[in-house]
Amino acid sequence: MDFRTTDTPLLEWTGDALALGFFEDAVELTGDLASLDEKLSGTLQELIADAEFKGKDGSSAVTRVGGSSPIRKIILMGLGKLESLKLETLRRAAASSARLAKKQRCTTLGIYLPIWNADPAATAGAIAEGIELALHQDNRFKSESEDKGVQLTQIDLLGLGEQSAAIALSQKIIAGTILARELVAAPANALTPIEMAETAQAIAAEFGLQLEILEKAECEQLGMGAFLGVAQASDLPPKFIHLTYTPSGTPRRKLAIVGKGLTFDSGGLNIKVAGSGIEMMKIDMGGAAATLGAAKAIGALKPDVEVHFISAVTENMISGHAMRPGDILKASNGKTIEINNTDAEGRLTLADALVFTEKLGVDAIVDLATLTGACVIALGDDIAGLWSPDDALAADLLQAAEKAGEKVWRMPLEERYFEGLKSPLADMKNTGPRPGGSITAALFLKQFIKETAWAHLDIAGPVWADKEHGYNNVGATGYGVRTLVQWVLGY
């Protein structure tokens, strides 16, 4: 798909479809829009009237232009209130216009949207993100592609000046997001710990990142009893992945991203039963997918920040070698954990990953994981939970998420709730009472960080979409990549 920013005046643009954005209660044809309407024989005013188009956020209307017009279709997009305009508004409007243009069998699309915050570069980048993510189709596992229709091949961004650099930057972030989508969407028989390690190898080779993959024996030498306790029932070997991006000069900051990497979660001996969503447990490596997607994007963007990308990757399976409820495991920092639920395995893998990461001497660590159903109950399908004892780090992540358009809500680290994790036999249990389950999960992880600024993102809800929404199609969303990249770039 070819994105172009063009100085062609609105009245002179020609192509298959022209998309125009309008604010709510300000659907007026003045200036160039009035002249355009006159040129198109009143088509704009007629569409506004016939569709009762009011410019409400998310609304749209489309019509064919009659006669011998150089434009075949007109698309109207509602942007909501002027005072509520965000980059996310533009992403979603652009996504909607692209889907409509494709449905109308258009190959070229011109987009005329307002400039956000007097920033044409950010505006162009947001439009490109919305369109590419909305039109992405994953047909890898179909015998024949279902996407055989007319394809959009050219997108013209009108009124933004020369923004090729901003679009190129956005496309590097999009590539990382699509990688994360495809990793999450892949079935567990296609994406094993071995294939995850091979993906890391491919990223390292393409962008010149350093790669360390610890095998089982090396993890044993480091005392990673929590991670290996989860891995011991699988026939497939665990892989501890450590990718490092190092800038050419002296890095201004050293950061780390840690992703939960369960390529399949059966629940272990506390097996997930029918109706529990066990068939979807291929998505339990959503944190690792976002981590590798961010690595791909950061490798391409090359900021002056050193970034470590880490995941302890395995399956959680059932066999005669499986960890049992009641077993006690020892993590690599010496803390002991009584297993009272083998289906709370992700935090065990993260425990050893966090200990490993803190020893790297980074300035801040962010982990992200499809960790708890409790977070989905609390925040729904669209919002990730954020826990951190560090206000500055939490604020940075919230700001990054706002710019990326990914919803995050900061949750409390209620220390008193750790009482529910205490064990009479070990230092702690791996699960607490049902109330506040996402909080106690975060408190569990906190035990494996000593001093480094740390934040935890529970992405169990937004990692997957059950219906088309905004620029997300049904399936994996690639959630987290864009927030992580904005966080890194913010330094």
Side-chain angles (χ1 to χ4, degrees), residues 1-21 36 40 43 60-77 90-113 120-140 142 144-179 181-182 185 296-297 300 468 470-476 478 482:
M1 192 182 309
D2 182 23
F3 285 90
R4 305 189 311 177
T5 50
T6 174
D7 290 326
T8 301
L10 181 63
L11 293 173
E12 298 178 15
W13 185 82
T14 62
D16 286 340
L18 176 62
L20 305 168
L36 179 65
L40 300 179
T43 298
S60 62
V62 61
T63 191
R64 183 178 182 275
V65 181
S68 58
S69 169
I71 301 170
R72 291 199 302 114
K73 306 282 183 177
I74 288 290
I75 299 171
L76 307 182
M77 299 172 293
L90 301 180
R91 282 190 195 93
R92 292 175 181 271
S96 176
S97 69
R99 286 195 177 109
L100 283 170
K102 184 178 179 181
K103 188 175 182 180
Q104 296 292 321
R105 302 179 63 80
C106 298
T107 61
T108 59
L109 170 66
I111 296 187
Y112 187 71
L113 286 170
T123 299
I127 292 171
E129 284 183 16
I131 291 174
E132 289 229 36
L133 292 174
L135 296 184
H136 168 245
Q137 295 289 326
D138 186 358
N139 292 303
R140 293 171 298 158
K142 295 182 182 292
E144 293 185 21
S145 172
E146 294 182 353
D147 197 23
K148 295 180 179 179
V150 174
Q151 302 296 313
L152 270 175
T153 58
Q154 180 178 312
I155 311 293
D156 289 346
L157 279 60
L158 308 177
L160 296 177
E162 169 53 40
Q163 300 300 336
S164 57
I167 292 172
L169 183 150
S170 179
Q171 288 179 313
K172 291 172 182 176
I173 300 173
I174 293 165
T177 305
I178 288 175
L179 172 63
R181 282 185 174 186
E182 293 185 345
K296 182 180 179 72
E468 183 182 288
Y471 40 80
N472 287 323
N473 301 311
V474 175
R482 292 179 298 123

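We number each residue from 1, following the sequence as shown. All values below come from the heavy atoms of this structure, side chains included, with hydrogens, waters and symmetry mates left out.
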So, does [X] use its side chain to make a donor-acceptor pair with the main chain of [Y] at under 3.5 Å?
| X | Y | result |
| --- | --- | --- |
| Thr5 | Gln163 | yes |
| Asp16 | Thr107 | yes |
| Ser60 | Met77 | no |
| Arg181 | Leu133 | yes |

May I ask you to test the [X]-[Y] pair for a side-chain heavy-atom distance under 4.5 Å?
| X | Y | answer |
| --- | --- | --- |
| Ile127 | Leu160 | yes |
| Leu157 | Ile167 | yes |
| Gln151 | Leu135 | no |
| Asp156 | Thr8 | no |

Which pair of heavy atoms, one from [X] and one from [Y], lies closest together, and at what distance?
| X | Y | value |
| --- | --- | --- |
| Gly21 | Leu113 | CA-CD2, 3.8 Å |
| Arg99 | Asn473 | NH2-OD1, 2.8 Å |
| Leu109 | Ser97 | CD2-OG, 3.9 Å |
| Leu152 | Met1 | O-CG, 4.1 Å |
| Ala128 | Ser170 | CB-OG, 4.1 Å |
| Ala94 | Ile131 | O-CG1, 3.6 Å |

[atom1] of [X] to [atom2] of [Y]: how many Å apart, nearest 0.5 Å?
| X | Y | atom1 | atom2 | answer |
| --- | --- | --- | --- | --- |
| Ile155 | Thr6 | CD1 | OG1 | 13.5 Å |
| Gln137 | Lys102 | CD | NZ | 5.0 Å |
| Ser69 | Leu18 | OG | CG | 9.5 Å |

The criterion is side chain to side chain donor-acceptor pair (under 3.5 Å); which residues satisfy it with Arg64, sequence neighbours excluded?
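Partners of Arg64 under the side chain to side chain donor-acceptor pair (under 3.5 Å) test: none.
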
For Glu144, which residues count as a side-chain contact (heavy atoms from CB on, under 4.5 Å) partner, sequence neighbours excluded?
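Glu144 satisfies side-chain contact (heavy atoms from CB on, under 4.5 Å) with Lys148 only.
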
Pairing residues for Arg92 by the side-chain contact (heavy atoms from CB on, under 4.5 Å) criterion, not counting sequence neighbours
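By the side-chain contact (heavy atoms from CB on, under 4.5 Å) rule, Arg92 matches Glu88, His469, Tyr471.
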
Mark yes when over 12 heavy atoms from residues, nucleotides or ligands other than Phe3 sit less than 6.0 Å from its CZ; otherwise mark no.
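Count over threshold, so yes.
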
